[in-house]
Amino acid sequence: MKNRYWVLLLAPMVSAAAQEPPKVTAQQFVNLQQGEAAHEGFRRAHAKGICVTGEFRSNGQLATYSEAALFEQGVTPFIGRFSVAGNNPTAPDLKAPVRSLALSFAMSSTEQWRIAMNTPPVMAVKDPHTFYQQIQAIQAGPKAIQAFFAEHPESSDFLSWKAQYQPTGSFAAETYNSINAFYLINSEGNEQAVRWAMQPKVFVPADNLEGVDALHQEITNRVVKEDIVFDWMFTLANEEDDENNPAKAWPDSREQITAGQVVITAVTPQLQGECHGINYDPLVLPTGIEATRDPILRARSAAYAESYRRRAKEALMGELEGQGNE
Amino acid sequence: MSNPHKFSVSMRLFHWAMAALVISMLAAGLLMVRSLEPWQLSILTVHKAFGVVAAVLVIARLVNRLFHEIPALPGDLSSLQKFVAKASHWLLYLLLFAMPISGYLMQYFAGRPIDVFGWFRLPAVLTVDIENYAVFRELHGWLAMALMALVALHVAAALHHHFIRKDKVLRSML
Ligand code: HEM
Ligand code: HEM
């Protein structure tokens, strides 16, 4: 019996340790992402991708919520990038668990916006240090990741999404989520926490896909025939939602506003396109949009900068010579 | 030529204000490139805004210097020591100027406009240039190391004058 009391005494320490994973630096994080042998000149995460260009056609619906110029009715061009998660620029498309879309809007020399979105609507964890452990578990194999999820009840919303998610047969048919929340700020200074998603207009079954570059080839063929269109849909948080917790889904009943359509009109292999030189750091924000205190969101800037610094230096050193993505 | 014993009040103010600013900037820079904590974005934003202030201050300081007589170095210094003293001071000015310029140009070529305390924004390119970004990113890091080394030398020299040579050099800036 006495032993039990001792355990109780230890409980606060144990639980504190469980809640607070060891802190990692941006350099350690990027080292883990890039793995043993870095692919020089490429992103340390989402290394494989393809540049896209197109425009956002705003319907003006969001202009009362945010001062950002692109939400006024009108058209703003972008340089974007479809990608798959992972550090290998030649990995097979269909093996990647996550697909992504990034957009860069250069509205003017003083107003720019970078966005990087993934297929899951939520993270499995809510801080970067636990995310580091999750990646370690993924690298260690299925047993480790199962154990990880068992120890992290906050993963439940992510796991229920994962259970029902069916990868489609095209980059054009996926839904891409901001995951992290941001504040829209209007000209009166009112702030509204939002998340957003790019919603596809087509359904493409995953049947006829083949080859290492299946998704890249599919999108290259598709865009010749038709524009690739997404509805840009914003979900407004209410007082019950914690905008700083990226692992918690918001109820479906929340107000949603479609701000317009993102239309992709051309794609280019990444080494030939302009997207390769861009750091899609989601904390490059225009007036009218601000970052929440979400610890995952706040961790992204330093990590992206470290990855960008490494690959920029390698690009400068001419490491890219003779390497190709296609 | 008159030889004041002390630096003018304005020069002393500039000196200590910039010393505090630059040491904070170095510390902030070194912390923020490593940290994944939620305050990283806040420090980064402040680093960039105060970096712009530093650029303005160093120009104002150099202009101010043109209008003021400065105390001569102690007569018993060898000409080599005098040369090193003067050269290190000009090198400090150069680095104090090159730090914010390289910081700004790195952000400029990465297409990241700089928000200065919400008052105004400095422009960035519309088409990112990753190679030029790399040049100025690496330069900013190297110059920061050179600046830290030079500041350490500068402080050591000041203390050497005060405690070992027991001359008026350190007091002329107090
Ligand atoms: C702490 C959390 C995260 C870390 C440390 C992290 C780290 C990184 C790094 C280092 C890169 C490469 C950057 C570059 O070299 O340009 C990257 C790219 C990317 N990340 Fe994250 N990431 C995090 C969370 C997220 C989340 C929540 C999302 C989605 C909402 C996301 C979506 C993306 C996408 C789409 C790209 C590729 C962007 C492109 O095409 O250039 N990341 N991430
Ligand atoms: C007196 C002026 C300045 C000093 C002493 C200073 C110092 C530093 C230091 C020590 C670092 C870390 C470098 C490294 O680890 O390689 C740094 C990083 C940085 N500085 Fe400055 N800086 C100054 C001005 C500026 C200005 C004016 C800007 C931009 C407007 C700027 C933008 C940055 C950025 C963005 C980083 C981080 C880069 C990254 O994460 O890759 N700095 N700075």
Side-chain angles (χ1 to χ4, degrees), chain A residues 23-30 41 77 79 104-114 127-129 131-132 244 274-281 283-287 290-306 308-318 320, chain B residues 25 27-49 51-52 102-145:
Chain A
K23 297 245 190 289
V24 291
T25 63
Q27 288 69 29
Q28 287 169 317
F29 207 111
V30 173
I79 297 168
S104 169
F105 295 99
M107 287 90 85
S108 75
S109 60
T110 52
E111 297 287 339
Q112 305 205 15
W113 190 7
R114 308 276 155 72
D127 74 87
H129 311 293
F131 187 33
Y132 184 88
N244 297 326
E274 285 181 27
C275 75
H276 194 57
I278 298 177
N279 171 5
Y280 288 90
D281 174 353
L283 295 162
V284 176
L285 297 167
T287 310
E290 283 176 16
T292 54
R293 298 280 303 173
D294 171 351
I296 293 275
L297 177 61
R298 293 279 180 136
R300 288 171 73 182
S301 209
Y304 286 47
E306 178 64 21
Y308 191 51
R309 180 187 187 178
R310 292 182 190 184
R311 64 192 182 88
K313 189 174 171 186
E314 291 153 4
L316 183 66
M317 301 313 212
L320 279 176
Chain B
M25 287 294 292
L30 293 176
L31 276 176
M32 77 196 185
V33 297
R34 285 165 183 75
S35 175
L36 295 176
E37 296 310 300
W39 45 257
Q40 194 271 351
L41 177 65
S42 319
I43 294 208
L44 177 65
T45 310
V46 169
H47 180 90
K48 292 188 275 192
V52 173
S102 59
Y104 173 59
L105 288 178
M106 138 194 17
Q107 297 292 285
Y108 176 81
F109 286 113
R112 303 177 66 127
I114 311 281
D115 189 294
V116 183
F117 305 115
W119 298 336
F120 61 92
R121 286 178 164 219
L122 292 179
V125 282
L126 296 176
T127 307
V128 169
D129 181 336
I130 189 172
E131 265 130 47
N132 269 318
Y133 159 80
V135 168
F136 291 104
R137 174 63 186 88
E138 296 310 315
L139 209 57
H140 199 63
W142 286 108
L143 291 173
M145 302 227 265

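Naming: A, B, ... by sequence-line order, numbering from 1 per chain. Remember, predicted model here, so these are calculated numbers, not experimental data.
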* B:Arg34 and A:Glu306: salt bridge (charged side-chain N to carboxylate O under 4.0 Å, His left out), yes or no, with the steps? -> CA-CA 9 Å; B:Arg34 285 165 183 75; A:Glu306 178 64 21; over 6 Å; no
* Verify side-chain contact (heavy atoms from CB on, under 4.5 Å) between A:Lys313 and B:Arg137, making sure each step is shown before the conclusion. => CA-CA 9 Å; A:Lys313 189 174 171 186; B:Arg137 174 63 186 88; over 6 Å; no
Could you tell me which portion of [X] (side chain, backbone, both or neither) has an atom closer than 4.5 angstrom to a non-hydrogen atom of chain B?
X: A:Glu274; result: side chain
X: A:Pro295; result: both
X: A:Gln28; result: neither
X: A:Ala305; result: backbone
X: A:Phe29; result: side chain
X: A:Asp281; result: side chain

* Does the side chain of B:Ser42 reach to within under 4.5 Å of the side chain of A:Arg298, using non-hydrogen atoms? ->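 In short, these two side chains touch, coming nearer than 4.5 Å.
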* Intermediate values then yes/no, side-chain contact (heavy atoms from CB on, under 4.5 Å), B:Tyr133 and A:Arg309 -> CA-CA 8 Å; B:Tyr133 159 80; A:Arg309 180 187 187 178; 4.0 Å; yes
So which part of [X] gets closer than 4.5 Å to some heavy atom of chain A, the side chain, the backbone, both or neither?
X: B:Met106; answer: neither
X: B:Val135; answer: both
X: B:Leu44; answer: side chain

* Step-by-step side-chain contact (heavy atoms from CB on, under 4.5 Å) determination, B:Gln40 to A:Arg300 -> CA-CA 10 Å; B:Gln40 194 271 351; A:Arg300 288 171 73 182; over 6 Å; no
* Asked: Got a donor-acceptor contact below 3.5 angstrom from the B:Glu131 side chain to the A:Gly277 backbone?
  ->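 No: the side chain of B:Glu131 does not pair with the backbone of A:Gly277.
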* To do: Walk me through it: do A:Lys23 and B:Leu36 pass the test side-chain contact (heavy atoms from CB on, under 4.5 Å)?
  => CA-CA 9 Å; A:Lys23 297 245 190 289; B:Leu36 295 176; over 6 Å; no
